[in-house]
**Q** 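Have a look at this one before I ask anything.
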Amino acid sequence: MKQTSVVIIGGGATGIGILRDLSMRGVDAVLLERGGLAHGTSSRFHGLLHSGARYAVGDPESARECIEENFIMRRIGKQCVEETEGFFAALPEDDPAFAARWVAACREAGIAAEAVDPEEARRLEPRLSPRVREVYRVPDSCVDGFRLVWHNALSARRYGGEALTYHEVSAIRTEQGRVVGVEARNRMTGETVNIACDYVVNAAGSWSGVVARMAGLDVCVSPDKGTLIVFNHRFTSRVVNRLHKSSDGDIFVPHGSVTIFGTTSTPTDDPADSAPTSEDVVRLLDIGEPLFPDLRSYRILRAFAGTRPLYTPSNASGRAASRNFHIVDHMDEGLRGMASIFGGKLTTYRLMAERMSDLVCRRLGVTTPCRTAEEPIIPDPSPETLERAARSFPAHGVKLVADRLGDAFAEVVGNTAGEADNGMLCECEMVTAAEIEYVARDPDTHSLHDVRLRTRLGMGTCQGTFCTLRAAAALAERHVDFALSPGRDVQNFLQERWRGLRPALWDTQLKESELSRAVYLATLNLDGACREQNN
Amino acid sequence: MSRTTDILVVGSGMAGLAAAIVARSQGKRVALLSRGCGSLNIGSGCVDVLGYIDGRAVAGNPLDALDALPPRHPYRLVGREGVETALGLLREVCARRDAPLNAAATGNRRVPTILGTLKPTWLTLPSFQAERLETAETVLVAGIRGLKDSHPALVTAQLRRYPHPARIRWHETHLENPMPGAHRNLSPLDIARLVETAEGAAWLISGLHKALRATPADLVLLPPVCGLCGTTWKGLAAAVPVPLVEMAALPPGVGGLRLYTALLEELRSLGVDMIENARAVAAECDGGSCRALVAETACGSRRFEARAFVMATGGFMGGGFQSSPGEAREAVFGLPVLQADGAPLPQRPEDWSDKDIFGSHAFASAGVMVNADMQPLRADGAPALNNVFFAGRSVGGYDFAAEKSGNGVAVATAWRAALSACAQC
Amino acid sequence: MSIHHPTPDACIACTACVVNCPVARATPNYLGPRLVGPAYERFRLLGLGEEASLHYCSNCKNCDISCPHGVQVSAINMTARAEYCLAHKPALRDWVLGHGELLARLLRPLPAGLKNFGMLNPLTRRALDRIGISARAPMPAFAPERFRDRLAKTYQGMQPRKVALFPGCFIDIYDPGTGFDLVWALNRAGYEVIIPKEFSCCGLPMIANGFRKDAEKNAKRNLRALQRMRAEGIPVISSCPSCVLMHNQDVPEFFPELVRDGRPQVLDAQAFLLDCVERGELSLTPENEVAERIIYHAPCHLRAQGGGLPGYELLRLLPGLRVDNADAGCCGISGSYGFKKEKYDVAMTVGAPLFDKVRRSGADLSCSECGTCRIQLVHGANRPSLHPVSLLRRVLEKRA
């Protein structure tokens with residue numbers, strides 16, 4: 001049996017933030033995640049690092065937390081943040097009284113909201129509607145949630161924290177009103193793992209209701225589904241919010257090479273409900289068109305959905321439910337050694353982790369203070385590493401790779417030094433063979449799909465048509481094997497991409513799909529081979 | 001511009017080129033209008049006829065299996081004899097142009113691919129004579145350093161998973177990078193072009209000799225890098241002691257370019273007028289016939305008059321169909337794009353496709369409904385236009401990707417459409 | 001984003017442009033049109049640095065011609081070049097190559113002999129070579145007098161109709177003879193040829209060398225005249241395919257705000273002549289027995305226009321001539337590209353299949369609409385080269 005002080009359930013931003021925080025304070029901790037890291041909500045949102053302006057009117061407390069954390073994040077997680085700034089833009093049909101209230105509320109919350117002349121705004125963002133009547137500039141930014149989680153995991157690892165992915169909690173063991181351990185099943189091997197511990201943190205997000213029930217508890221968390229659209233290119237270089245009462249489809253976020261647009265809000269019973277629908281996609285386009293009149297002419301790469309874990313003690317749901325976070329110490333319900341954390345948003349993940357870790361430390365008698373607001377998650381690469389990287393990576397790919405890899409960058413650069421060619425396997429998103437091999441060799445990587453999440457392989461224009469095969473071939477050549485045969489792994493990869501393509505299958509993306517079928521079915525007969533080959 | 005031609009063929013993929021050749025050979029004045037170079041020249045160049053029916057592999061000569069297809073399938077409309085004649089004509093042209101096509105004696109060739117799969121196909125260039133694998137005992141799979149698309153380790157790992165050629169002993173080798181220091185990823189096409197030069201051919205021949213000395217084998221599999229013309233292939237095949245077999249690869253697939261070049265040469269020698277970079281967007285119709293097509297070009301709209309029209313504009317990918325959420329139309333005449341059974345496509349975009357990426361998708365076999373003359377049909381089954389004929393992917397009722405029937409249907413329907421068009425003028 | 005960017009959205013990465021790019025075929029140092037164009041455009045919008053091999057793009061537009069999906073690959077590349085040149089001042093050499101017309105105007109007071117002695121003697125060529133204009137590249141010689149100046153002094157007879165000619169720099173500065181061949185044909189068809197005074201370089205060499213602002217200035221000037229001609233109902237033609245393409249396609253693409261009131265129409269002069277034949281204005285009855293074998297080369301910028309090959313059609317209508325289409329792709333010169341020292345070999349490699357075809361054709365003459373294509377054809381294939389209108393005149397004009 002494994003032994004630790006704290007077991008954290010849930011490998012999203014909150015859970016991994018807690019793992020890092022506790023590890024930095026010298027507390028032994030193990031994190032259990034049923035899928036890959038950040039497979040849930042932390043990678044299924046629009047990627048907005050809130051300035052808080054969006055919450056200024058309805059939820060001033062969240063707004064204040066956001067603006068503080070926003071600036072902390074720019075400092076500690078700059079590899080995950082792109083400092084774009086944001087616009088709030090009102091159209092003639094939007095209530096001018098709301099704008100006035102919003103400006104006052106921003107001032108109150110300490111959020112700089114500076115009026116921009118609409119002409120100037122259009123010069124800066126030429127695709128914006130000429131009908132915009134009022135524009136404000138706020139310190140919104142963009143954040144890569146997936147990368148943030150991974151960088152936290154790498155940092156936690158450095159401090160001795162352990163994250164077990166594809167481990168699903170099957171039981172929480174209690175003795176005499178006190179938590180004594182957790183049982184989990186390794187979903188890759190089927191093995192059962194028992195971990196004895198003093199404390200359990202439930203940070204399972206949309207799944208936290210399920211986890212709490214294992215300890216006989218009932219918590220008020222309702223999953224709320226949000227659908228988003230990914231566009232092929234950056235048609236805005238700033239976050240653009242519609243200046244009105246928060247609603248569906250009013251945020252545009254430039255995210256690396258793409259633009260993400262969302263979100264819808266639909267209550268759901270299933271925390272794993274991440275299937276976007278074409279109705280949602282078409283509805284979002286309708287809603288977004290007033291701000292970006294050419295929206296329908298921009299190519300949609302795919303759609304995706306995630307669930308928000310809303311804390312709903314009073315049965316409020318959807319947009320009415322608070323976006324703030326809550327910590328419940330289950331001691332109040334008679335169970336010692338367990339607490340749950342719900343709600344919140346990615347922007348405040350660090351603060352949530354800090355508050356939760358404070359509680360855990362209090363219960364464990366640890367007095368070391370939190371340092372996560374000061375210490376950068378990932379140290380900067382050395383100038384020598386950057387210089388060496390420039391020799392084996394495409395010129396402007398260096399920054400992309402360095403930011404993506406974080407800690408591992410120096411090692412990957414070292415690995416490429418001996419190679420005659422470090423070819424770019426994914427030409428749409430500039431992912432090189434060395435990076436793919438490094439990530440594929442990570443024990444937490446089990447498939448090309450996992451490689452994609454950390455590298456952006458297959459996430460660009462061709463959605464995997466060219467790079468999937470190249471990556472499979474390069475890995476075979478480098479003797480990196482996964483549980484599935486390369487053929488099946490490629491099929492699964494394409495299948496996953498297919499899920500996001502189907503609800504937006506028209507125009508250019510339908511062309512792309514016909515090309516992809518021409519390649520994988522007509523030329524390569526992968527469908528026939530999957531029937532004819534042994535796995 | 002309003003100079004009239006007899007037959008205007010639209011599209012420069014396999015169907016368009018074949019239709020133009022057939023029509024011109026009948027003595028008609030033919031112009032070929034195209035926007036882009038079509039998809040033949042990026043493909044593998046294998047002339048698939050029929051590999052699978054509903055997921056079951058076709059055994060023996062695929063022409064014998066055509067009768068098992070549904071009655072609205074384009075092959076059934078053209079008829080077995082027509083399909084055979086059309087393929088025969090293609091073979092004649094390609095043989096004349098140094099790109100000979102032939103079939104295996106017993107049935108579909110199972111061409112190896114760079115993914116380590118076997119793809120059933122009917123006519124191929126001599127470099128894809130996969131049946132040679134059936135008698136080989138030791139096979140050397142050659143990769144080329146610097147070529148990202150093709151790695152022997154993947155090929156052997158996957159080919160070993162077939163129960164049938166299990167007795168084969170597979171070996172891997174790498175030829176040295178012939179273009180070290182290249183700034184871009186090399187494609188098989190880069191290397192095939194290099195092999196067209198004397199130094200390139202020498203590099204390939206000596207590399208293969210060296211590899212075979214180190215690892216003797218009965219046969220070598222390699223990516224499609226053996227030059228671009230038949231003469232080059234013959235020279236290579238004669239200079240290497242064991243048979244060479246090329247594997248089908250990702251675009252640019254080289255094999256397709258070999259066929260494309262051959263067909264273009266034929267077209268030009270026949271005197272077909274080529275109008276490039278013009279996208280047909282509308283038609284001027286008069287009652288039941290079409291007078292002219294209107295094309296968008298870099299210099300504005302232009303009219304192209306003809307007495308008959310062959311539309312080989314492709315499907316969704318080729319731009320022959322336009323689609324928006326829940327709607328698809330043929331791009332020039334606005335004809336409905338219908339499912340294989342003649343039903344309209346579903347209103348929800350999600351229902352156009354199956355959840356399983358390899359499942360049966362409504363969009364994949366959707367197209368323009370035609371009669372046996374390749375005339376587009378109205379809802380009541382009567383021809384919508386008497387001098388317009390469709391060919392290739394724009395014709396509905398077949399799924400080229402799942403069936404492995406793309407170039408075969410293209411050639412067969414093009415032949416029929418071209419003859420029907422000739423009969424009109 | 002200070003410059004209007006064409007969208008990369010239509011690209012599905014099918015590789016058609018990669019197969020058909022003549023520069024990518026000639027050198028593995030060019031990343032290729034798909035990557036440098038639409039693929040990297042997505043990263044340029046993200047503010048990431050420029051791809052090192054962008055300068056290899058010759059703007060020949062074979063990517064646009066071969067793209068089945070309507071991606072304006074060359075426009076994306078030229079926009080990227082314009083932005084690059086805003087950040088990095090282009091070299092003197094590029095200024096010289098981009099501003100041939102201005103240079104000619106500056107040198108105007110000098111007699112042609114002196115100018116040509118000044119520009120073409122080995123010493124100057126060595127100096128030009130040092131700033132990056134290859135000493136091996138063929139250089140056109142200045143004409144004694146500019147075409148438009150000479151035309152202004154030429155009596156064209158009483159003609160019932162008028163046509164405006166956009167001469168293009170090549171004819172205007174180096175090759176007035178071809179210009180007069182065209183004027184001869186148009187006069188014969190009953191057209192008086194006028195050249196509005198605003199007409200100046202179409203701007204294509206400026207775009208290709210990164211001088212977007214200058215191109216915009218010229219576009220404005222030219223548009224003033226084009227709009228006036230349109231108001232007066234006078235058709236505007238040009239015998240230079242690159243100028244036609246620039247006016248009709250590139251100006252509206254690069255400077256959409258300049259053409260809000262409608263796109264300008266500059267017609268291909270050879271298509272115009274064909275129309276004259278069709279309308280019965282121009283008879284093609286030959287006066288001379290010219291039993292020549294001609295090999296025709298279609299300029300890439302003509303193929304890109306989507307109107308077929310009217311010059312070739314015209315030649316085929318001329319009795320006695322035996323005309324074959326070389327159909328061997330780009331000649332390599334692409335305006336000023338092949339003059340550049342570091343591009344000279346690339347350009348010659350690009351043109352090699354064409355040169356080979358011309359040499360082996362058995363033809364006495366090659367023929368092409370584009371002036372710099374003809375220079376390159378003479379240089380690479382060692383055969384004289386003429387514009388189709390010059391051949392037309394040879395066949396139709398009664399010799400004294």
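We name chains A, B, ... by the order of the sequence lines, and we start the count at 1 in each one. All values derive from a computational prediction rather than experimental measurement.
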**Q** Go through the atoms of Gln322(B) and report whether side chain, backbone, both or neither lie under 4.5 Å from a heavy atom of chain A.
**A** neither
**Q** Taking 4.0 angstrom as the limit, do Glu279(A) and Arg348(B) come out as a salt bridge?
**A** yes
**Q** As an exercise: rank Ala522(A), Ala476(A), Cys467(A) by heavy-atom pairs under 4.5 Å with chain B and give me the winner.
**A** Ala522(A)
**Q** Could you tell me which portion of Pro152(B) (side chain, backbone, both or neither) has an atom closer than 4.5 angstrom to a non-hydrogen atom of chain A?
**A** both
**Q** Please evaluate residues Lys119(B) and Leu524(A) with respect to the criterion side chain to side chain contact (heavy atoms under 4.5 Å, CB included), reporting the C-alpha separation (whole Å), side-chain torsions for both, the decisive distance (0.1 Å), and the verdict.
**A** CA-CA 6 Å; Lys119(B) 202 287 283 274; Leu524(A) 301 174; over 6 Å; no
**Q** What part of Ala249(B) gets closer than 4.5 Å to chain A, counting heavy atoms only: side chain, backbone, both or neither?
**A** backbone
**Q** Do you know the tightest heavy-atom contact between Pro251(B) and Val519(A)?
**A** CD-CG2, 3.7 Å
**Q** Just so I understand: if I count every heavy-atom pair under 4.5 Å between each of Thr156(B), Ile357(B), Asn185(B), Ile42(B) and chain A, which residue has the most?
**A** Ile357(B)
**Q** Which residues pass the side-chain hydrogen bond (donor to acceptor under 3.5 Å, both in side chains) test with Arg56(B), sequence neighbours left out?
**A** none
**Q** Tell me yes or no: between the side chains of Tyr52(B) and Asn525(A), is some donor less than 3.5 Å from an acceptor?
**A** yes
**Q** What part of His183(B) is in contact with chain A, defined as an atom under 4.5 angstrom from a non-hydrogen atom: side chain, backbone, both or neither?
**A** neither
**Q** Please report the shortest heavy-atom distance between Thr117(B) and Ala529(A), naming the atom on each side.
**A** CG2-CB, 3.3 Å
**Q** Side chain from CB out, backbone as N, CA, C, O: work out which of these in Ser324(B) comes under 4.5 Å of a heavy atom of chain A, or both, or neither.
**A** backbone
**Q** So for Asp48(B), is it side chain, backbone, both, or neither that comes closer than 4.5 Å to the heavy atoms of chain A?
**A** side chain
**Q** Indicate the atoms forming the closest heavy-atom contact of Arg517(A) with Asp399(B), along with that distance.
**A** NH2-OD2, 2.8 Å
**Q** Less than 4.5 Å apart, side chain to side chain, heavy atoms only: is that true for Thr523(A) and Thr113(B)?
**A** no
**Q** Is it the backbone or the side chain of Asp354(B) that comes under 4.5 Å from a heavy atom of chain A, or both, or neither?
**A** backbone
**Q** If I take atom CG from residue Asn534(A) and atom CZ from residue Arg161(B), how far apart are they, to the nearest 0.5 angstrom?
**A** 8.5 Å
**Q** After noting the C-alpha distance and the side-chain angles of Arg499(A) and Lys355(B), does the key distance pass the side chain to side chain contact (heavy atoms under 4.5 Å, CB included) rule?
**A** CA-CA 7 Å; Arg499(A) 218 164 70 98; Lys355(B) 272 191 174 148; over 6 Å; no
**Q** Chain A: which of Ala182(B), Gly55(B), Ala248(B) shares the most heavy-atom pairs with it under 4.5 Å?
**A** Gly55(B)
**Q** With a 4.5 angstrom heavy-atom cut-off, could you sort out which part of Arg393(B) is near chain A: side chain, backbone, both or neither?
**A** side chain
**Q** Can you tell whether the side chains of Lys148(B) and Glu427(A) come within less than 4.0 Å, N to carboxylate O?
**A** no
**Q** Which heavy atom of Leu469(A) sits nearest to which heavy atom of Leu115(B), and what is that distance?
**A** CD1-CB, 3.8 Å
**Q** When only heavy atoms count and the cut-off is under 4.5 Å, which of residues 288-297 of chain A reach chain B?
**A** none
**Q** Is Phe358(B) close to Leu526(A) at the side-chain level, that is, under 4.5 Å between some pair of heavy atoms?
**A** yes
**Q** Which heavy-atom pair separates Pro486(A) from Gln158(B) by the least distance, and what is that distance?
**A** CD-OE1, 3.4 Å
**Q** How far apart are the C-alpha atoms of Glu532(A) and Arg110(B), what are their side-chain angles, what is the distance that settles it, and do they pass the side chain to side chain contact (heavy atoms under 4.5 Å, CB included) test?
**A** CA-CA 12 Å; Glu532(A) 292 154 11; Arg110(B) 306 222 304 157; 3.5 Å; yes
**Q** Side chain, backbone, both or neither: which part of Cys530(A) has a heavy atom under 4.5 Å from chain B?
**A** side chain
**Q** If the contact rule is any heavy atom under 4.5 Å from chain A, which residues of residues 400-408 of chain B qualify, in numerical order?
**A** Phe400(B), Ala401(B), Ala402(B), Lys404(B)
**Q** Residues of residues 501-514 of chain A under 4.5 Å from chain B (heavy atom pairs)?
**A** Arg502(A), Pro503(A), Leu505(A), Trp506(A), Asp507(A), Leu510(A), Lys511(A), Glu514(A)
**Q** Between Arg470(A) and chain B, with a heavy-atom cut-off of 4.5 Å, which part of the residue counts as in contact: side chain, backbone, both or neither?
**A** both
**Q** Quick check: closest heavy atoms across Leu250(B) and Phe466(A), and the distance to 0.1 Å?
**A** CD1-O, 3.8 Å
